[in-house]
Colleague: 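One structure is given below, represented as structure tokens, and several questions about it will come after.
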Amino acid sequence: MESRRVRRYLPSLAARARGRQRTSPTRSVSEAWLPPKARGPMASESVAPVESPFPLSTLRHSVSHLMASAVEALFPGAKFGNGPAIEHGFYYDIELPEPLEERDLERLENEMRRLAKKAGAMVRSEYTREEARARLAQRNQTFKLDTLARIPPGEKITFYAHGGWEDLCEGPHIDRFDQPFAFKLQRVAGAYWMGDEANPMLQRIYGTAFWTKEDLARHLAWLEEVERRDHRHLGTELDLFSHHQEAGSGFIFWHPKLGAVRREMEKFWWDLHQTRGYMPVYTPHVSRETLFAVSGHLENYADMMYAAMKIDEMPYRVKPMNCPGHILIYKNRGRSYRELPLRWAELGTVYRYERSGVLHGMLRVRGFTQDDSHIFCTPEQLPREIAGVLELVRTLLTAFGFQFTAYLATRPAKAIGDEEIWTRAIAALREGAVQAGIALELDEGGGAFYGPKIDFKMKDALGREWQTSTVQCDFNLPERFDLTFTDKDGTKKRPIMVHRAIYGSLERFAGVLIEHYGGRFPFWLAPTQVVLIPIRESHADYCRELANALSSDGLRVACMDDSGHMNKKIKEATQDKVPFLLIAGDREVAERHVTVRQREREQQENLPFEQFRERARALQATRSLTL
RNA sequence: GCUGCUGUAGCUCAGCGGUAGAGCACUUCCUUGGUAAGGAAGAGGUCAUGGGUUCAAUCCCCAUCAGCAGCUCCA
């Protein structure tokens, strides 16, 4: 694997790998509830690659060199950092006296094309450390000298050159530039040298390359589709949510249309829980600070918590998590083994400080509602409880049309609780997965310090992966709060606590749903499910009658009975992505029919209203993903 | 938080050192139309906020707030 070999030369790759774990199963309990950024395979990469002796990543790595040489040609004095291939392309980190602008990218592309034509072969040369140092020092390449110094003794030191421009690099590279390939420079952003905040910030130029124009075009089309589905754009376009300067960043205002979606999410969520023996609990948003001292949040999590407020001279805090509240309910009286397991669930809104630069639409926010639940059980009950949670996760994610993968995260280096309890808990997680029939991938050492967990990554309609659901064993909080239950033999024993969230955060899940569906919500979630459009004013009564009937079935219906032209109403409802438009004129009124325009279907159909009504009821009742 | 970019009508965006424009949306009137924009008129802006430079600032400078692309971070 190239990337593995390159890593020694390019330590920023390690940082990249770390960054990627943000969305990977190594996230800790709180992280699981924080919105990661989606990353996903390019649609174009699923297409069979053109026959080539070199993998795509090698081409991209080489094109990053080509770009660097173009930068040096246009901006003499540039100092080069690292320039690896990455998942969807490549980048190069470069220090320049002036910030680059987007229009510079076009100049660079032209220069790259010019250089590629005359560059010919890429030539590999091996040097001694001293020679290499001299070559880099002569060009005053201080970052490269830094990189050179990090190459372990005994390793070969190689340079790759094309068209007279050379770069310290382990390779491998393509053989020549005078062969067909297609590339595009995409954007400029800042990036710390070696990924360390303490280091100077370089300018990172991102680009991508493919062997053919067609592949590149496909990739760019995919990016456009991602752009089209961006929940922030759709949120404005479809009047779903907003945030406000007056309210501060990272806080979401759900508009009525997204409110309707959320109500459906909540209803569905609660239906699933009620039938699985969960009980609802509600806990306050603000508590005395001492509660979070006991829980350890103050000690370990203070950076993420909002400052204390004084009430009656005592410090209070807004909650960053729901668990301490649920624990207080548990501790409110003595507990018997007879009542375990206790399964308590709350849609609990929490507030966490996130650095301003990480906020992102609904996906990373400062106030959000977790679909939080805590299960208090005996060690013996653990496998059964885990199985129950996993089944619930599968049921819920599948209902929205997500595929998912589950990862078992085991004991990290820094952990509390003795070996034995970890071993038993991990065995319980495995056992639960077997019972639920869910395959586990292993994330060795990826558990939280307080217990092992299973994280889920779900894949959306564009193939991007998101982490939402998580199931975590906790040995820490039961200790800290001295939770007990009285067992059969009359002795006090320590329960195990399981934290779990399935949506994770309603904000983030809703944001992902918007992108997953591209704003075309399935019938049961659609903010407006049916729109009625009378052809003439004289048909409005009929339409209102039908609207009332559908409305009494519990559906969200709008009757566009104001004056105005039918065509325009059709256009508006279509743009709102309403699943069904029912149009009625003389013919329909006479026969008690409707003409149905179904979203994204050319063919419209004329059918008895009652028949449509049955169909709508069925779609709603089954939470069907298709119309 | 850091680097860069951005902030003009509800939305998308023009524009300019001499206090502003378009399209859509909105309001009113006309239009009764068989499947994606009927017509006309009107209203709507402290040009993000606060300082500064200038005879004069929406425009130039600084700060703040907010957004965007990344980086870093996310027990």
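FYI, side chains are in, hydrogens and waters are out, and symmetry mates aren't considered; it's all heavy atoms of this structure. To find a chain, count down the sequence lines: A is the first, B the second, and so on, and within it residues start at 1.
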Colleague: Does B/U19 have a Watson-Crick or wobble mate here (both distances under 3.5 Å), and if so which one?
Modeller: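 Looking at the geometry, B/U19 pairs with no nucleotide.
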
Colleague: Which of the following nucleotides, B/A69, B/G34, B/G67, is nearest to the side chain of A/E588?
Modeller: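 That would be B/G34.
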
Colleague: From B/C68, B/A25, B/C71, pick the nucleotide closest to the side chain of A/R204?
Modeller: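 Nearest to the side chain of A/R204 among the choices is B/C71.
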
Colleague: Can you tell which of B/G38, B/U3, B/G34 lies closest to the side chain of A/M201?
Modeller: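 So the nucleotide nearest the side chain must be B/U3.
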
Colleague: If pairing requires Watson-Crick or G-U wobble contacts with both distances under 3.5 Å, which nucleotide is the partner of B/C73?
Modeller: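 With both distances under 3.5 Å required, B/C73 matches none.
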
Colleague: For the side chain of A/K571, starting at C-beta, report the closest nucleotide among B/G1, B/G34, B/A37.
Modeller: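 The nucleotide sitting nearest to the side chain is B/A37.
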
Colleague: What interatomic distance, in whole Å, is found between P of B/C5 and the corresponding atom of B/U64?
Modeller: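 That atom pair is separated by 16 Å.
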
Colleague: Could you give the distance separating B/U28 and B/A66 at their C1' atoms, to the nearest angstrom?
Modeller: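 To the nearest whole Å, 36 Å.
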
Colleague: Provide the distance between the two C1' atoms, one in B/G21 and one in B/A9, to the nearest whole Å.
Modeller: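 Here B/G21 and B/A9 have their C1' atoms 10 Å from each other.
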
Colleague: Which part of the nucleic acid does A/Q604 contact within heavy-atom distance under 4.0 Å: base, sugar-phosphate only, or nothing?
Modeller: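 Contact class for A/Q604: base.
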
Colleague: Paired with B/G7: which nucleotide, if any, by Watson-Crick or G-U wobble criteria at under 3.5 Å for both distances?
Modeller: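 B/G7 is paired with B/C65.
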
Colleague: What interatomic distance, in whole Å, is found between C1' of B/C65 and the corresponding atom of B/G50?
Modeller: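 Each nucleotide's C1' atom is 10 Å from the other's.
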
Colleague: OP1, OP2 of B/G70 versus side-chain N and O of A/Y92: anything below 4.0 Å?
Modeller: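 Result: no.
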
Colleague: Quick test of your reading of the model: are A/R494 and A/D482 salt-bridged, counting only N-O distances below 4.0 Å?
Modeller: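 Counted as a salt bridge, because a side-chain N and a carboxylate O are separated by less than 4.0 Å.
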
Colleague: Using the C1' atoms only, state how far B/U72 lies from B/C2, rounded to an integer number of Å.
Modeller: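 Taking atom C1' in both B/C2 and B/U72, they lie 8 Å apart.
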
Colleague: Taking only the side-chain heavy atoms of A/E537 (C-beta and beyond), determine which of B/G33, B/U32, B/A36 contains the nearest atom.
Modeller: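 Minimum distance to the A/E537 side chain belongs to B/U32.
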
Colleague: Would you say the side chains of A/Q472 and A/H499 form a donor-acceptor pair under 3.5 Å?
Modeller: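 Absent: no donor and acceptor within the cut-off.
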
Colleague: Please confirm whether any donor atom in the side chain of A/K568 sits under 3.5 Å from an acceptor in the base of B/A37, or the reverse.
Modeller: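 Check fails, no donor-acceptor contact within cut-off.
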
Colleague: What's the closest nucleotide to the side chain of A/Q245 if the choices are B/G70, B/U35, B/C65?
Modeller: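 Within the option list, the nearest is B/C65.
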
Colleague: If you measure from the C1' atom in B/C11 to the same atom in B/G17, how many Å do you get, rounded?
Modeller: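 B/C11 and B/G17 have their C1' atoms separated by 29 Å.
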
Colleague: Using whole Å, what does the distance between atom P of nucleotide B/G70 and atom CE of A/M194 come to?
Modeller: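 Going from CE in A/M194 over to P in B/G70 covers 22 Å.
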
Colleague: For RNA chain B, whose closest nucleotide is more 5', that of A/R597 or that of A/H243?
Modeller: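 Per heavy-atom nearest nucleotide, the more 5' residue is A/R597.
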
Colleague: Has the side chain of A/Y192 got a donor or acceptor that lies under 3.5 Å from a partner of the other kind on the base of B/G1?
Modeller: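 Per atom types, the contact qualifies.
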
Colleague: Please pick, from B/C71, B/G33, B/A69, the nucleotide with the shortest atom-to-atom distance to any side-chain atom of A/I535.
Modeller: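 Nearest listed nucleotide: B/G33.
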
Colleague: So, for A/F183 and A/F90, is the gap between ring centers shorter than 6.0 Å?
Modeller: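 Aromatic pair excluded; centres sit 6.0 Å or further apart.
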
Colleague: What's the closest nucleotide to the A/R587 side chain, out of B/A75, B/A37, B/G34?
Modeller: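 For the A/R587 side chain, the nearest candidate turns out to be B/G34.
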
Colleague: Between the side chains of A/Q186 and A/T208, does any donor sit under 3.5 Å from an acceptor?
Modeller: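 On atom types as modelled, these side chains do not qualify, holding no pair under 3.5 Å.
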
Colleague: Heavy atoms under 4.0 Å, any strand shown: does A/S356 hit a base, just sugar-phosphate, or nothing?
Modeller: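 Base contact.
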
Colleague: Determine if A/H565 stacks with B/G38; use a centre-to-centre distance below 5.5 Å and an interplanar angle below 30° as the criteria.
Modeller: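 The ring of A/H565 is stacked on B/G38.
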
Colleague: If only side-chain N and O atoms of A/H244 are considered, is one of them under 4.0 Å from the OP1 or OP2 phosphate oxygen of B/C65?
Modeller: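 For B/C65, OP1/OP2 do not have a side-chain N/O of A/H244 under 4.0 Å.
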
Colleague: In this structure, which one of A/E237, A/M362, A/H243, A/H360 forms a side-chain contact (heavy atoms from CB on, under 4.5 Å) with A/R232?
Modeller: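 The residue from A/E237, A/M362, A/H243, A/H360 that satisfies side-chain contact (heavy atoms from CB on, under 4.5 Å) with A/R232 turns out to be A/H360.
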
Colleague: Quick one: label A/D586 by what it contacts on the DNA or RNA (base, sugar-phosphate, nothing), any heavy atom closer than 4.0 Å.
Modeller: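 Counting heavy atoms under 4.0 Å across all strands, the contact made by A/D586 includes a base.
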
Colleague: Can you tell me how far the CG atom of A/L258 sits from the CD1 atom of A/I252, to the nearest 0.5 Å?
Modeller: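 Here the rounded value is 9.5 Å.
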
Colleague: If you assign each of A/H539 and A/G296 to its closest nucleotide in RNA chain B, which residue comes earlier from the 5' end?
Modeller: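 It is A/H539, whose closest nucleotide lies nearer the 5' terminus.
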
